[in-house]
Amino acid sequence: GTRRTSGVISVNEGLRRWAIDDLHHPPDRVWYVANFVMDPRPCPTPPPSLPGAPGRRIVCVARVAPQKDLINLVQAMARVVTVVPDAHALVLGVESDAEYGRHVRAEIARLGLTERVWLLGGRTDATDVVQASDIGVLSSAGEGLPLALVEYGLCRRPSVATGVGQCADVLDQGRAGILVPPHDAEALAEGLLRLLRSPEERERLAERAWRYAMDHHSVAAVVRQVTDIYDVLLGAEGAAPGRCQPTP
């Protein structure tokens, strides 16, 4: 059925390569358009009631599943709280794997972190929680293009993420956030401590993350890319075929 299409839009590089290599679409008719997040509304007043104090909240928007490697985050937090005892990690996401959820809770208990790492489940006010937090984190073992990092950026929150999937792309190859190796709790902890210790570093990376997210992953940026693709497919004068890249 896809052979009858005039073009293909993919939301990550892996799908773009699949359309070219496996579905045999012409490369100049396959476009990668980065996924996007709706621009966040202002945080309500008062903000949501959350564990921890301002300046010490770390938020992780991720479902409770092995791919997200929350064990990595829990073990990193064991190191973090030895240096910053009042740091809190708030995990927002549904428990899509019950066995893994039990494993995560057991590790939290084993490390004595029941008052420092919180599994808050899926919440309709996730964006408000991000804005009421100070640092975003993604401890994943694997990703595509992670919308959590985009959301952190649009909320002007700096982040620490494992360098898997397209995390490096969302964080501008480390210029708009801190990248660490996967499965390395010590490195993840050091990245989090770097931001917890320095409000100036948090502010600097938050501004870079916001600008990069606005330029590449906002609604306006994606609409611009999609209309450019339609111009190519409809033969608009001056339109050029090929891969549609976000404006740097």
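Note that this is a predicted model, so its numbers are computed, not measured.
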Under 4.5 Å between side-chain heavy atoms, hopping through other hydrophobics if needed: is there a path connecting [X] to [Y]?
X      : Y      : answer
Val74  : Leu120 : no
Val180 : Val80  : yes
Leu196 : Val129 : no
Val137 : Val83  : yes
Val170 : Tyr32  : yes

Look at the side chain of [X] and the backbone N and O of [Y], then say whether any donor-acceptor pair between them is shorter than 3.5 Å.
X      : Y      : value
Ser159 : Ile178 : no
Ser139 : Thr162 : no
Tyr100 : Gln67  : no
Thr227 : Arg224 : yes

Looking at every heavy atom in both [X] and [Y], which two are closest together, and how far apart are they?
X      : Y      : result
Pro27  : Arg16  : O-NH2, 4.4 Å
Val64  : Gly93  : CG2-O, 4.2 Å
Ala78  : Val81  : O-CG2, 3.6 Å
Ala132 : Pro47  : CB-CB, 4.3 Å
Leu205 : Gly177 : CD2-N, 3.8 Å
Gly163 : Leu179 : CA-CD2, 4.2 Å

Distance, nearest 0.5 Å, that separates [atom1] of [X] from [atom2] of [Y]:
X      : Y      : atom1 : atom2 : result
Leu70  : Leu138 : CG    : CG    : 9.0 Å
Leu233 : Thr5   : CG    : OG1   : 9.5 Å
Leu192 : Ile135 : CG    : CD1   : 6.0 Å
Ile71  : His103 : CD1   : NE2   : 4.0 Å
Thr114 : Leu119 : OG1   : CG    : 11.0 Å
Cys60  : Leu92  : SG    : CG    : 8.0 Å

Side chain to side chain donor-acceptor pair (under 3.5 Å) with [X]: which residues, sequence neighbours excluded?
X      : value
Arg123 : Asp125
Glu151 : Thr127
Ser133 : none
Arg79  : Glu190

- Message: Take a 6.0 Å sphere around CH2 of Trp118 and say whether it holds more than 12 heavy atoms from other residues, nucleotides or ligands.
- Response: yes

With sequence neighbours excluded, tell me which residues meet salt bridge (charged side-chain N to carboxylate O under 4.0 Å, His left out) with [X].
X      : value
Asp169 : none
Arg105 : Glu95
Glu201 : Arg194, Arg204
Arg197 : none

- Task: Sequence neighbours left out, what passes side-chain contact (heavy atoms from CB on, under 4.5 Å) with Glu99? Give chain and number order.
- Result: Asp97, Arg102

Just so I know, are the side chains of [X] and [Y] near enough to count as touching, which here means a heavy-atom distance under 4.5 Å?
X      : Y      : value
Val61  : Tyr152 : yes
Val59  : Arg157 : no
Val91  : Val104 : no
Leu195 : Asp134 : no
Trp31  : Val232 : yes
Val30  : Arg17  : no
Asn72  : Pro182 : no

- Message: With salt bridge (charged side-chain N to carboxylate O under 4.0 Å, His left out) as the rule and sequence neighbours excluded, what pairs involving residues 56-65 come up?
- Response: Arg56-Asp86

- Query: Could you give all pairs that pass the salt bridge (charged side-chain N to carboxylate O under 4.0 Å, His left out) test and reach residues 106-120, with sequence neighbours left out?
  - Reply: Glu107-Arg110

- Message: Go through it in stages, so that I can follow the logic: the residues are Val8 and Leu15, the test is side chain to side chain contact (heavy atoms under 4.5 Å, CB included), and I'd like the CA-CA distance, side-chain angles, deciding distance and then a yes or no.
- Response: CA-CA 10 Å; Val8 175; Leu15 290 175; over 6 Å; no

- Task: Determine, step by step, whether Met77 and Ile58 satisfy the side chain to side chain contact (heavy atoms under 4.5 Å, CB included) criterion, reporting the C-alpha distance in whole Å, the side-chain angles of both residues, the deciding distance to 0.1 Å, and the verdict.
- Result: CA-CA 10 Å; Met77 285 299 296; Ile58 300 163; 3.9 Å; yes

- Evaluation steps, side chain to side chain contact (heavy atoms under 4.5 Å, CB included), between Leu145 and Val150: CA-CA 9 Å; Leu145 191 153; Val150 176; 4.2 Å; yes

- Tyr212 meets the ring pair (Phe, Tyr, Trp, His ring centres under 6.0 Å) criterion, sequence neighbours left out, with His216

- Would you call Glu203 and Arg156 a salt bridge, taking side-chain N to carboxylate O under 4.0 Å as the test? no

